[in-house]
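To start, the structure itself, in structure tokens.
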Amino acid sequence: MLEMFEMEFMQRAWMAGLLMAITCPLIGSFLVLRRQSLIGDGLGHIAFAGVAGGALVGFSSVLSAAIATIIGALAIEKVRTKLSDLADMVLAIFFYCGMGLAVIFTGLNKEGGFNLSSVLFGSLMTVSTQDLWIVAALALATIIFVIIFYRPLQYLTFDETSAKVNGLPVAGLSLLLAILTALTIALSMRIVGLLLVSAMMVIPVACALQTSRSFATTILQSIFYGIVSVVFGLSISYYANLAPGGTIVLTSTILFVLSLILGKSKRIRPAPDPIHCKVCDEEKEETKCNHPDFPEYKKGHHHGRQERDE
């Protein structure tokens, strides 16, 4: 088991994989709960266009992908806020446009300049020291962003309209989140590939949603599931000589099935005895009460029963 860590490229692969296992679920937690699970997949198409366009003009693939995804993410966020009723349709058009541009740029490029397989499916074993530092900087920036803006982001995730009414900078936070999503996709393509990076944003979060009971634990558990996916996926891919990116995603999918089973077993446990309703106790109510069991409800609130005639 330990011999794989003796090789320098495996050390970089493990570090990059673990950093991705933290960053992707951390960003994905907000995207999934905002019903934007597929935005990572769509930005992956746009990033592919950026890589192909960069190779056509002799530009860095990572930098060109980052620029393309940031522009795409800002455009998508603008469309989402301005045309909310047509958001799904317009977003799909953005995604197909990105793939169309990628195909055109690839066809025009007669000299190559990039490895199509590594871009689409990842090439974790070829991660350089420079790539590792870039991914580490992104992970640090993402963690700091979430820590500083945790409460506003939580409010924004569950009720964007109410957050706007209460004076939160909804537009600014949404743009920052979109930019971090774009950078995460562009910089993670070397690890699991553009076609699979969205899976690492969604599947660990989906696992956490089956077993967690709060927003904070959902984030923490999604990171845990991401780390477990990378640890087992990389180990299996090394000894079975399989593609690392695909193995990591399939391992994450197996974890999702297990989390479904675990979550179901928790849900079917017998519920504890209900707390007596203080309102009914005060009124000496004999009939069954449908009142919520919250102490802040006071006498006079509706009990889910007909009021007695005077």
Side-chain angles (χ1 to χ4, degrees), residues 19-20 22-51 53-54 62-98 101 134-189 194 197-198 200-202 205 215 218-219 222-223:
L19 288 170
M20 181 204 66
I22 296 172
T23 307
C24 288
L26 189 56
I27 291 293
S29 298
F30 299 100
L31 297 180
V32 170
L33 292 171
R34 294 182 74 188
R35 306 287 197 272
Q36 295 178 335
S37 300
L38 294 178
I39 193 171
D41 189 41
L43 287 176
H45 290 75
I46 296 174
F48 185 23
V51 172
V62 174
L63 190 56
S64 60
I67 293 172
T69 49
I70 289 175
I71 293 173
L74 294 178
I76 289 170
E77 183 61 29
K78 197 72 173 178
V79 169
R80 189 186 69 83
T81 55
K82 297 295 183 182
L83 301 173
S84 57
D85 294 338
L86 304 175
D88 290 343
M89 180 180 67
V90 177
L91 292 183
I93 293 173
F94 266 103
F95 303 161
Y96 301 143
C97 180
L101 285 173
I134 293 173
V135 174
L138 172 67
L140 181 61
T142 303
I143 292 171
I144 292 174
F145 172 74
V146 172
I147 291 175
I148 293 176
F149 297 106
Y150 175 74
R151 288 300 180 188
L153 284 171
Q154 184 183 24
Y155 201 173
L156 174 66
T157 298
F158 288 101
D159 194 342
E160 185 172 338
T161 303
S162 179
K164 188 180 297 185
V165 170
N166 281 275
L168 290 178
V170 171
L173 287 174
S174 296
L175 287 177
L176 286 174
L177 187 61
I179 291 172
L180 281 177
T181 304
L183 289 174
T184 300
I185 291 168
L187 299 179
S188 299
M189 70 178 182
L194 291 176
V197 66
S198 180
M200 287 305 296
M201 286 185 166
V202 174
V205 181
F215 183 63
T218 297
I219 294 177
S222 66
I223 293 174

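Note that these values count all heavy atoms, side chains included, but never hydrogens, waters or copies made by symmetry. Because the structure is predicted, anything quoted here is derived from the model rather than measured.
Residues Ile219 and Tyr150 have side chains in contact (heavy-atom distance under 4.5 Å, counting atoms from C-beta outward). Under the 4.5 Å side-chain criterion, counting only non-hydrogen atoms from C-beta, Leu156 is in contact with Arg34.
Rounded to the nearest 0.5 angstrom, Leu176 CG and Phe145 CZ are separated by 5.0 Å. Between atom CG of residue Leu138 and atom CD1 of residue Ile22 there is a gap of 11.5 Å, rounded to the nearest 0.5 Å. Interatomic distance, Thr184 OG1 to Met200 CE, rounded to the nearest 0.5 Å: 12.0 Å. For the atom pair OG (Ser222) and CG (Leu26), the distance works out to 7.0 Å, reported to the nearest 0.5 Å. With values rounded to the nearest 0.5 angstrom, Leu63 atom CG is found 9.0 Å from Ile134 atom CD1. With rounding to the nearest 0.5 angstrom, the CG atom of Asp159 is 12.0 Å from the CD atom of Gln154.
Applying the side-chain contact (heavy atoms from CB on, under 4.5 Å) test between Met201 and each of Ile185, Ile39, Thr23 identifies Ile185 as the sole match. Checking Val32, Ile27, Leu31, Leu33 one by one against Val205, the side-chain contact (heavy atoms from CB on, under 4.5 Å) holds for a single residue, Val32.
Judged purely by atom type and a 3.5 angstrom limit, Thr69 has no side-chain atom pairing as donor or acceptor with the backbone of Ala186.
The heavy-atom pair separating Glu77 from Ser174 by the smallest distance is OE2-CB, 3.1 Å. The two atoms that bring Cys24 and Val197 nearest to each other are SG-CG2, 4.3 Å, heavy atoms only. For Ala49 against Leu101, the heavy-atom pair with the smallest separation is CB-CB, 3.9 Å. Leu43 and Gly72 get closest at one heavy-atom pair: CD2-C, 4.0 Å. Taking both residues in full, the closest heavy atoms of Phe95 and Ile76 are given as CE2-CD1, 3.6 Å, listed atom of the first, atom of the second, then distance. Among all heavy-atom pairs drawn from Ala178 and Ala73, the shortest one is O-CB, 3.5 Å.
Less than 6.0 angstrom separates the ring centroid of Phe30 from the ring centroid of Phe215.
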